[in-house]
Asks: 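Take this structure first; my questions come after.
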Amino acid sequence: MNQVNDRSRDIGAFVPAPDDDMIICRCEEITKGEIRKAVHDGMFTMTEIRRYLRTGMGLCQGQTCAKLVKGIVARELGISPAELEPATSRVPMRPIEMHIFANEAK
Amino acid sequence: MESRIAEHPILGVPEKGKKVTFTYNDTQVEGYEGEPIAAALKAAGLMVHRYTKKEHKPRGIFCAIGRCTDCVMVVDGKPNIRTCVTPLKEGMKVQTQYGVSDKPFAEQ
Amino acid sequence: MKRYDLIIVGAGPSGLSAAIEAARRGLNVVVFDENEKPGGQLFKQIHKFFGSKEHKAKIRGFVIGEQLLKEADEAGVEVVLNATVIGLYQDKEVVVRIGEAVHHYKGDAVIIATGASENMVTFDGWTLPGVIGAGAAQTMMNLHGVKPGNKVLMLGSGNVGLVVSFQLLQCGCEVVALVDAAPKVGGYGVHAAKVARTGVPFYLSHTIVKAEGEECVTGVTIAEVDSHFQFIPGTEKHFDVDTICLAVGLSPMSQLLKMAGCEMEDNPKRGGQVPICDEYGRTSLPGVFVAGDVSGIEEASSAMIEGRMAGIVAAEYLGYMEKEELDSNLVDLDKALDGLRQGMFAPKNRGKDIETTDEGIPVSKNLLKHGFVADDEIERFPGVTHAKGIHPVMECTQNIPCNPCQDACPKHCIRIGSNITALPAVEEGSECVGCGMCVASCSGQAIFLVDETYEEGYASITIPYEFLPLPEVGAKGNALGRDGKKVCDAEVISVKSIPAFDKTNLLTMKVPTEYAMKARFYKEA
């Protein structure tokens, strides 16, 4: 089992840091502290973090913050960012209005 | 200070569309047809495009190529318009976006 | 559902190059790009490119963009703009938003050439209006003719940070400082040197503490960092700025490939999440290929070659070309790509400490720390020599893949040899006629013509000059050293601007002889 999914692993307690109020996800206004706390709440994968906090689920779809969030989560877990699977990529890759998304060209 | 580049040492005199007028909130602003709304606002020295929903913090141009969506505003009544990739047209109504509304937070 | 032989996503340097090669071999090719204009980032690149002739060296990026568009048009490539690919499925179904509708296309082969997105760093106030990406600065000034700011601080000393700093200076902005948390300049020394000599101070081992301002940026505080990138208290420095520009690297924009089910890996050497692919861009999915930054961050010159490779590999995959023809085509492209991937900045050397050049000369420490070669270091490089009369002085001190100077000299005064990363040297016995072609052809603006015996007590120095207003002959001002500080008074004695120089003006100034090897820039007093 890789380290990421080993939920029995002790990652220690959440320790507040001076930069916890730093905005990381600009669209959804999620802070570094919220992301770090989420890891201690048991959210070990990028997909879990995303569903739990909505990081990377705003208008830009994680264009800016994906790498930053990954770095923070990896550090909290004590692993390399390369070991973390990125969140699922899904249609639509860019912001799109629902009336266009639903409008299939004939 | 003038922020339009009159003549560039490599690119020469910038090619621009015809001059148009649009409204930014309640003021009349000039720009060039076809340039991104954000470019016209920047040239006029207008930096704040929106205030965020949760923390009510100002945001402006960040990536300028339509990726980061930080520069969105209410354009002709529609919110979340990426001004850095939306071409300017005569008479456009461009408004500061508060959260996802054109109404300041106190009025929402 | 409309079918194409080949669907390419992204009309940047690699996508267009792939399209041209494939269309020339008879494939029915369409290129989708989400932007209003094609060319990717090429049209924002106003500097002359490095490399050799086959890499379109000494041609400015936006001109290369125009050439590619023309070739694509002649080859019959269909380029669809304002067409955002929002999905890619495993059976090579491409979902595209065009206008107010969503269209589905089927490609027998697909090339993903979506490029990269900018990395960002966080600091107090990083969400304030006025904090922008380096790409945003380029877009505003070089595409839309609007200055990104008046007083700018640049974070990042890689090639993007250096090149964009120079571009900011060219459009009339003041660059108050170039800052990088790393202890060494990351980009080409010649790019750093042309910024430093105009007077921009470099702060290595420094980073941003805080962007100041309520509604938008009004200032910035930086501080020195230790080897663990922690701020050292008491080292804070404040600058009044209205713009902070971030140039801290790129990440491949590979989400479409992940969506399609390509095998991916996180490879820091390639810049992040990349598809696992072979050297010609074949991914784990048959018929899905990649080219350019999406498969690993490099630069536009290599992206164009990778694009051409992917284009012909796709042609062979679909049976438009025999295996033998493919192999013989790839030989030349392999060679061209290999030529670019040599030298100190080669991908294989990333993160390595390089102490000496290939020639065995110790590299300039000052260049890495402050952005310019110190006066007491410069004379150890082979391009820097003394001679009677006018002669070229090539302040090219790192092994980078570039050789236009060698071809530019009609008198064959400059020798690089067949290895294009070798440092340029003066060919003994050759006679410089002072035409200045080498000065104008040097993509790094690192060549100067020096005449130490110009007249009694005075030397003449010819420098490349790409700023406005162009000083007039007879103007008196200051000669600046490599560090951007005044070394002496100078008088402009000639300003040449001919089409062959391609917008690089040659400014010749007269300085007292003792400053002939020190004065490297001219500024009005």
Side-chain angles (χ1 to χ4, degrees), chain B residues 1-17 30-73 82-88 96-97, chain C residues 34-36 40-41 43-44 46-48 60 62 82 84 117-118 120 125-151 167 169-173 213-217 242-243 246 253 465-470 497 502-505:
Chain B
M1 208 181 280
E2 179 53 50
S3 47
R4 296 243 181 223
I5 301 164
E7 190 183 355
H8 189 283
I10 309 301
L11 300 167
V13 177
E15 275 177 40
K16 285 288 177 185
E30 281 189 338
Y32 293 95
E33 189 174 70
E35 72 180 354
I37 297 168
L41 292 173
K42 177 82 187 92
L46 301 165
M47 300 289 287
V48 179
H49 288 224
R50 67 178 180 115
Y51 292 90
T52 60
K53 193 174 175 183
K54 263 197 205 165
E55 301 197 355
H56 302 187
K57 295 287 189 209
R59 295 284 174 86
I61 297 171
F62 188 55
C63 83
I65 52 172
R67 301 239 173 95
C68 78
T69 64
D70 246 334
C71 67
V72 297
M73 299 178 83
R82 294 174 294 167
T83 55
C84 70
V85 290
T86 303
L88 182 67
T96 306
Q97 182 170 319
Chain C
E34 63 180 325
N35 297 291
E36 195 189 358
Q41 307 309 305
F43 285 91
K44 302 167 194 174
I46 61 172
H47 62 282
K48 294 177 179 175
R60 297 187 189 273
F62 66 97
N82 294 312
T84 310
S117 60
E118 291 183 279
M120 292 299 165
W126 78 293
T127 59
L128 274 176
V131 178
I132 59 172
Q138 282 193 309
T139 305
M140 297 307 277
M141 61 190 169
N142 298 339
L143 284 191
H144 306 311
V146 176
K147 286 203 275 181
N150 291 313
K151 290 169 84 110
Q167 292 174 1
L169 297 165
Q170 286 181 300
C171 81
C173 305
E214 286 299 318
E215 291 289 282
C216 57
V217 173
D242 53 36
T243 304
L246 308 178
M253 235 173 8
Y465 194 89
E466 293 188 351
F467 301 97
L468 288 177
L470 208 49
S497 319
D502 185 19
K503 307 270 172 38
T504 306
N505 307 289

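Lettering follows sequence order; numbering is per chain, from 1. No hydrogens, no waters, no symmetry mates; every other heavy atom, side chains included, goes into these values. These numbers were taken from a predicted model, which means no experiment stands behind them.
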Asks: Considering only heavy atoms, which portion of T127(C) lies under 4.5 Å from any heavy atom of chain B: side chain, backbone, both, or neither?
Replies: both
Asks: With a 4.5 angstrom heavy-atom cut-off, is it the side chain or the backbone of Q138(C) that approaches chain B, or both, or neither?
Replies: neither
Asks: Given heavy-atom pairs under 4.5 angstrom as the criterion, report whether the side chain, backbone, both or neither of Y465(C) touches chain B.
Replies: neither
Asks: Is it the side chain or the backbone of T504(C) that comes within 4.5 Å of chain B heavy atoms, both, or neither?
Replies: neither
Asks: Which region of M120(C), side chain (C-beta onward) or backbone (N, CA, C, O), has a non-hydrogen atom less than 4.5 Å from a non-hydrogen atom of chain B, or is it both or neither?
Replies: side chain
Asks: Taking only heavy atoms into account, what residues of residues 53-64 of chain B are found under 4.5 Å from chain C?
Replies: P58(B), R59(B), G60(B), I61(B), F62(B), C63(B), A64(B)
Asks: With sequence neighbours left out, write down each residue that passes salt bridge (charged side-chain N to carboxylate O under 4.0 Å, His left out) with R82(B), or none if nothing qualifies.
Replies: none
Asks: Can you sort out the partners of E7(B) under salt bridge (charged side-chain N to carboxylate O under 4.0 Å, His left out), two or more places apart, ordered by chain and number?
Replies: none
Asks: Sort A38(B) into side chain, backbone, both or neither according to what part of it lies under 4.5 angstrom from a heavy atom of chain C.
Replies: backbone
Asks: Only counting residues at least two apart or in another chain, list the ones meeting salt bridge (charged side-chain N to carboxylate O under 4.0 Å, His left out) with E30(B).
Replies: K19(B)
Asks: Given heavy-atom pairs under 4.5 angstrom as the criterion, report whether the side chain, backbone, both or neither of N82(C) touches chain B.
Replies: neither
Asks: Identify which part of K48(C) has an atom lying under 4.5 Å from any heavy atom of chain B, answering side chain, backbone, both or neither.
Replies: neither
Asks: Side chain from CB out, backbone as N, CA, C, O: work out which of these in C216(C) comes under 4.5 Å of a heavy atom of chain B, or both, or neither.
Replies: side chain
Asks: Does any backbone or side-chain atom of P148(C) lie under 4.5 Å from a heavy atom of chain B? Answer side chain, backbone, both or neither.
Replies: backbone
Asks: Is it the backbone or the side chain of Q170(C) that comes under 4.5 Å from a heavy atom of chain B, or both, or neither?
Replies: both
Asks: Check I10(B) against K503(C) and note the closest heavy-atom contact, atom names and distance.
Replies: O-NZ, 3.5 Å
